[in-house]
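Written out below as structure tokens is the structure these notes cover.
The sequence lines fix the lettering, A, B, ..., with proteins before strands; numbering per chain opens at 1. Just so it is clear, the structure is predicted and the values come from calculations on it, not from any experiment.
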Number of protein chains: 2
Amino acid sequence: MSQPDTKQRILDAAEELFARNGFYATSLRQITQLAEVNLAAVNYHFGSKEELLEAVILRHLGPLNDKRRQGLEHELQLAQQEERRPRPRQIMNALVEPTLQLRAPGSDHLAFVTLVGRLLADTQGVGHEIFVRQMVPMLMQFYQALVEALPEVDPSLLYWRLHFTVGSLSHMMRCHDRHGVVPPGIDPEIEIEALINMLLDFTVAGMEVVP
Amino acid sequence: MSQPDTKQRILDAAEELFARNGFYATSLRQITQLAEVNLAAVNYHFGSKEELLEAVILRHLGPLNDKRRQGLEHELQLAQQEERRPRPRQIMNALVEPTLQLRAPGSDHLAFVTLVGRLLADTQGVGHEIFVRQMVPMLMQFYQALVEALPEVDPSLLYWRLHFTVGSLSHMMRCHDRHGVVPPGIDPEIEIEALINMLLDFTVAGMEVVP
DNA sequence: GTATAATTTAAACGATCGTTTTAACCATTT
DNA sequence: AAATGGTTAAAACGATCGTTTAAATTATAC
């Protein structure tokens, strides 16, 4: 009767349901039903519903932020070697690309990216602080890189523009399956690479504009 | 014992609590406590919790969308008279400015703007469809205006860029009181006019860029 | 094989929830 | 004043919830 992957199944089910419905509208009974485990297993393995959410968040967030940092550091090193400033587009790409790749077809992380998008939006919610605590040091690094890349733009402008970028990015993290009414001639299904490029064009242009 | 403004008090309390905590994490008992009315009054006046949310959404949304449309129509008329294309910045301003003015000091609509930001993010939530149903026709108008304003940019790009803008805007609607860690020298308190201008600079630059 | 630890399980607990019920109270109409 | 309609109120309902409990089962160590 012992199942070697009980914890993983709970985590997978929780990730999916928290992403789809949010923390408060997902019950442990829904999770354990989907995972085909017993209700008390959640408390045994994770302690509480909140701790389960924390485990769900942390399981992928570390690797995602590592990828982002790698991309950033790669550009910073390159810029140093070539004795130039880091390029804004490469900086923004390091933030955007690994994130949106999480929603690529074949990715196992589609639910996770939705969940992250939700957590960013739910400013008073249970997972928000956990998530932000992980995000903030990384965003500071991006901010510093942008200040270096764009000395002609006031640093406080760059702070707010990074905020706007996070808003656009989180919106794209959530909205992969609901498009509302689409104008004639527009295909709501789009390749991830194309979406990434469009978002980069948009945000980099916004970053670089001198008022 | 009869109170002439029971409905308004319920609506005000609901607006505040739904905005702060979201629909699912707000109970009717919290709302009626804050409003100092009896629990059954909600069902008597509004029918159900969901219908209360709908009433909360609709009470301000009509006027907000009217303002947005007015701003847009004004620019379209002006452009027609002057025999020129509409200006992208004026179009975006019509979308952004009335929205963010809702969070200006002295505004009674701070909770509402937060609630709208939440609803946009909660793609499976109760209020989302109600809200989107009101938004979509208006966004189509903005989209058409942008297509007219920027003939050198592919219309499908403009569709996605409008999406990105909605993402940034809704992020700013939610995040008025939580800034996370702020870099040294940056003041997280900012005047609404300044914020509006910054967001416009950012989004208009992103709209206009030709790939 | 026995003892110990880990895991699973069903039932129960106490709490909270949205909704309903019904009587009392208040306001308006005749 | 009585009849009618509108509103408030407390209690109750049935449901759901996260958490706990204690026994049974399985896994591991000796």
For [X] and [Y], does a side-chain donor sit closer than 3.5 Å to a side-chain acceptor?
| X | Y | answer |
| --- | --- | --- |
| B/Arg59 | B/Gln8 | yes |
| A/Glu148 | A/Gln144 | no |
| B/Arg68 | B/Thr99 | yes |
| B/Thr203 | B/Thr165 | no |

Roughly how many Å is it from [atom1] in [X] to [atom2] in [N], rounded to a whole number?
| X | N | atom1 | atom2 | result |
| --- | --- | --- | --- | --- |
| B/Asp5 | D/dT7 | CG | P | 13 Å |
| A/Arg9 | C/dT7 | CZ | C1' | 14 Å |
| B/Glu36 | D/dT7 | CD | P | 20 Å |
| A/His45 | C/dA6 | NE2 | P | 12 Å |
| A/Asn38 | C/dT8 | CG | P | 9 Å |
| A/Leu17 | D/dC17 | CG | P | 12 Å |
| B/Gln8 | D/dT7 | CD | P | 13 Å |
| A/Ile10 | C/dT7 | CD1 | P | 12 Å |

Sequence-distant partners of B/His109, ring pair (Phe, Tyr, Trp, His ring centres under 6.0 Å), two or more places apart |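 For B/His109, the residues satisfying ring pair (Phe, Tyr, Trp, His ring centres under 6.0 Å) (neighbours in sequence not counted) are B/His60.
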
For nucleotides 18-23 of chain D, read 5' to 3', which letter fits each nucleotide if B means a protein heavy atom sits under 4.0 Å from the base, S means only the sugar-phosphate is that close, and - means neither?
-> BBBB--

Ignoring backbone atoms, test whether B/Thr6 places a side-chain nitrogen or oxygen under 4.0 Å from the OP1 or OP2 oxygen of D/dT7.
->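 Answer no for this pair, as no side-chain N or O of B/Thr6 is under 4.0 Å from OP1 or OP2.
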
Ring pair (Phe, Tyr, Trp, His ring centres under 6.0 Å) contacts touching residues 27-55 of chain A (sequence neighbours left out) =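 Counting only pairs at least two positions apart or across chains, no ring pair (Phe, Tyr, Trp, His ring centres under 6.0 Å) contact touches residues 27-55 of chain A.
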
